[in-house]
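Predicted model only: the values in this text are computed from it and were never measured. Only this structure's heavy atoms are used, side chains among them; waters, hydrogens and symmetry mates stay out.
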Amino acid sequence: MEDENTLAVLICGAGAAGLTLAIDLARRGVPFRLIEKIDQAFPGSRGKGIQPRTQEVFEDLGIIDRVVAAGGTYPRMREYWGDGTHTERDIAERDDPTPAEPYHIALMIPQFLTEELMRERLAEFGHRVEFGYELVDFEQDEQSVTARLIGPAGEEFVQCRYLIGADGGRSFVRDALGVDFPGKTLGVRAMVADANLIGLDREVWHQFNNGSMERMLSVCPLAGTDLFQIQAVIPLEGEVDLTQEGIVGMIRERTGRNDVKVRLVSWASAYSMNARLADRYRSGRVLLVGDAAHIHPPTGGQGLNTSVQDAYNLGWKLAAVLDGAPDRLLDSYESERRPVAEAMLGLAAGLLDAAKRGEMRRGRELRQLGIGYTESPLTLNRSGRMSPLLAGDRAPDAPLRGAAGCFRRLFDLFTGSHWTLVGFEAERDITSGRKGLHIHRVGPGCELQDMAGHFRNAYGLLPGEWVLVRPDGYVAAIVSPDETSMLQTFFSEVGLTETDRLRH
């Protein structure tokens with residue numbers, strides 16, 4: 001039996017990854033603490049793009065409408081040329097939403113607003129970030145991790161079942177574990193600042209000297225604020241003046257304009273671009289998420305999104321193991337998420353090279369809707385199955401109508417901390433009720449009707465087949481009624497314990 005004084009999870013770092021994990025654990029009733037070394041919330045806009053897949057995650061976590069209301073869409077890019085002319089273009093493809101993909105374009109919202117909304121959501125579950133607490137040491141054994149913290153009241157020792165390093169690119173947790181962080185410095189140093197300024201309108205994203213990295217200057221209106229985000233490449237060596245006067249001088253020198261006036265700089269930072277990936281994401285009872293596991297150039301707006309989805313992948317697995325599922329379930333976190341980060345690093349680095357040539361274009365691959373885990377040990381794929389969808393793929397949305405006449409979305413069935421088993425024109429359930437499993441049927445005479453065939457088209461199910469969807473919205477299995485035994489074994493591996501038969 002576990003010591004009742006042992007905390008389930010200690011999360012070190014309260015950025016987007018740490019907050020996502022905290023919200024997910026909170027809604028599952030998992031005891032945790034979320035600590036952050038700095039004394040107050042991060043004030044900057046560093047990650048300002050929320051990709052469609054992350055929007056789906058935010059819907060499940062209960063904050064998507066708040067995020068949309070607080071932010072906005074990306075404006076068109078206005079590129080200024082040396083002859084005094086300018087042209088405008090969309091920075092990304094603008095497709096219409098579909099029944100399977102309700103979120104189709106990136107949202108813009110500065111990181112400080114995103115994290116503020118996440119802290120508000122966390123408070124609704126009765127939790128808060130503990131600012132001013134620094135992890136300075138930890139030791140682990142087979143049962144727990146003992147962490148030494150320095151906080152406002154001095155030294156404190158915390159014993160926890162699992163420690164999560166969500167403490168950024170310079171992660172103390174990663175370094176203390178001795179986990180290698182190989183990669184490369186990309187030979188680009190940049191500045192980013194949030195500023196209130198006049199002289200440029202807020203209808204477009206202003207881009208000067210495109211194709212000349214040494215003189216590039218980007219000024220983007222930050223949706224949901226009266227600020228602009230200023231970005232520029234700076235020399236690899238030496239000090240850079242990020243004061244109000246210094247930034248005004250940089251704008252004047254790179255644009256040749258004297259009418260752009262900076263009235264306030266609320267946050268500014270200089271950084272060198274790197275692409276690095278941790279050799280491993282887990283060492284015993286300690287796991288890495290977000291920038292602690294991978295860092296990359298900001299091109300393409302992938303970083304915050306990848307970090308959120310790391311935590312979303314890990315949250316349900318941690319909860320399941322803490323509730324009795326086999327500990328090896330946590331190994332699937334690295335096997336699923338590390339290849340995603342590796343691909344993301346290559347994508348971001350490629351976009352940086354394109355930006356150096358003035359050719360960067362944001363396509364569908366940035367939306368992260370195509371990310372999947374088809375090679376994961378948590379998939380049950382039948383050999384020879386011909387289908388538009390396989391186990392490991394993202395589970396699409398679809399419009400449905402309830403037997404009582406109300407409109408429903410398939411995503412409505414997925415929302416929450418549970419697994420979902422959906423049968424298509426199925427005559428009976430193929431499993432007894434299990435804690436954490438919701439069971440539904442779609443088709444004539446069932447509780448839900450498939451509107452215009454969107455469910456069948458998206459999932460490619462034959463009558464009588466069932467699809468099992470994980471808590472993080474990925475397909476775990478597609479089975480026929482005579483393959484029940486496959487599911488029973490799988491359920492025990494992921495912590496779905498048998499209980500009296502329940503219908504949902």
Side-chain angles (χ1 to χ4, degrees), residues 16-17 20-21 24 47 49-61 64 92-93 95 97-98 100-107 275 277-278 281 287-291 293-317 331-351 362-381 387-398 410-411 414 419-420 458-460 467-478:
T20 298
L21 182 58
D24 203 17
I50 307 298
Q51 299 295 344
R53 176 56 188 156
T54 303
Q55 294 170 44
E56 294 179 352
V57 173
F58 282 176
E59 178 179 348
D60 183 40
L61 297 181
I64 184 59
E93 300 171 356
D95 298 332
T98 68
E101 297 179 352
Y103 304 105
H104 59 295
I105 59 173
L107 294 174
L277 179 62
Y281 281 20
L287 299 102
L288 304 174
V289 297
D291 287 354
H294 45 76
I295 56 173
H296 50 86
T299 41
Q302 300 293 285
L304 181 147
N305 296 272
T306 303
S307 297
V308 165
Q309 291 170 51
D310 283 349
Y312 190 58
N313 181 287
L314 179 59
W316 69 267
K317 297 173 182 178
D331 292 334
S332 69
Y333 163 64
E334 177 178 326
S335 67
E336 290 182 347
R337 292 303 300 171
R338 193 174 182 279
V340 170
E342 188 172 20
M344 181 270 294
L345 293 180
L347 175 61
L351 288 170
R362 304 187 182 201
R364 176 179 169 82
E365 69 276 8
L366 300 184
R367 302 177 191 176
Q368 301 195 343
L369 294 170
I371 290 173
Y373 312 124
T374 54
E375 301 300 318
S376 169
L378 300 184
T379 57
L380 294 178
N381 270 318
S387 170
L389 198 71
L390 297 174
D393 288 337
R394 164 193 166 273
D397 197 6
L410 193 58
F411 275 9
F414 300 160
W419 291 72
T420 308
Y459 284 79
V467 57
L468 177 66
V469 179
R470 301 172 8 166
D472 57 351
Y474 287 88
V475 176
I478 298 175

- Would you please say whether a donor-acceptor pair under 3.5 Å links the side chains of Glu59 and Tyr103? yes
- Note on the structure: Across all chains, not counting sequence neighbours, the side chain to side chain contact (heavy atoms under 4.5 Å, CB included) partners of Val340 are Arg337, Ile371, Tyr373
- Message: Is there a side-chain contact between Val475 and Leu390 in this structure, where contact means two heavy atoms from C-beta onward sitting under 4.5 Å apart?
- Response: no
- Query: Which pair of heavy atoms, one from Gly460 and one from Pro388, lies closest together, and at what distance?
  - Reply: CA-CD, 3.8 Å
- Contacts of type side chain to side chain contact (heavy atoms under 4.5 Å, CB included), residue Ala398, not counting sequence neighbours: Leu410, His454, Phe455
- Query: Is there side-chain contact between Tyr333 and Leu287, with heavy atoms separated by less than 4.5 Å?
  - Reply: yes
- Short question: side chain of Ser376, backbone of Thr379 - any donor-acceptor pair under 3.5 Å? no
- Message: In the structure I gave you, are the side-chain heavy atoms of Ser335 and Glu375 within less than 4.5 Å of one another anywhere?
- Response: no
- Atom CD of Gln368 and atom CD of Gln309: how far apart are they, to the nearest 0.5 Å? 4.5 Å
- Could you state the interatomic distance from CD1 (Ile478) to CG (Leu380), rounded to the nearest 0.5 Å? 10.5 Å
- Item | Distance, nearest 0.5 Å, that separates CG of Asp331 from OH of Tyr281 | 14.5 Å
- So, do Pro471 and Lys317 sit near enough that their side-chain heavy atoms are less than 4.5 Å apart? no
- Message: Once rounded to the nearest 0.5 Å, what's the spacing between atom CZ of Arg394 and atom CG of Leu369?
- Response: 5.0 Å
- Message: If the condition is side chain to side chain contact (heavy atoms under 4.5 Å, CB included), which residues does Thr374 pass it with, not counting sequence neighbours?
- Response: Asp393
- Show your working on side-chain contact (heavy atoms from CB on, under 4.5 Å) between His294 and Asp310 and close with a plain yes or no. CA-CA 11 Å; His294 45 76; Asp310 283 349; 2.7 Å; yes
- Message: Holding to side chain to side chain contact (heavy atoms under 4.5 Å, CB included), I want the full list of residues that pass it with Ala476, two or more places apart in sequence or in another chain.
- Response: Trp419, Leu468, Arg470, Phe490
- Message: Just so I know, are the side chains of Leu378 and Glu336 near enough to count as touching, which here means a heavy-atom distance under 4.5 Å?
- Response: yes
- Message: I'd like to check Ile64 versus Glu56 (side-chain heavy atoms, cut-off strictly below 4.5 Å). Are they in contact?
- Response: no
- Item | Any donor-acceptor pair under 3.5 Å from Gln55 side chain to Ile50 backbone | yes
- Query: Just by distance, with hydrogens left out, do Tyr312 and Asp60 show a side-chain donor and acceptor under 3.5 Å apart?
  - Reply: yes
- CD/Gln51 to NE2/His104 distance, rounded to the nearest 0.5 angstrom? 12.5 Å
- Task: Say whether, by atom type as modelled, one donor and one acceptor occur between the side chain of Asp397 and the main chain of Phe411 under 3.5 angstrom.
- Result: yes
- Message: Test of understanding: with side-chain hydrogen bond (donor to acceptor under 3.5 Å, both in side chains), list the residues that count as partners of Glu334, not counting sequence neighbours.
- Response: none
- Item | Spacing of Asp472 atom CG and Leu314 atom CG [to the nearest 0.5 Å] | 10.5 Å
- Task: Tell me, please, which residues at least two apart from Asp291 pass side-chain hydrogen bond (donor to acceptor under 3.5 Å, both in side chains).
- Result: none
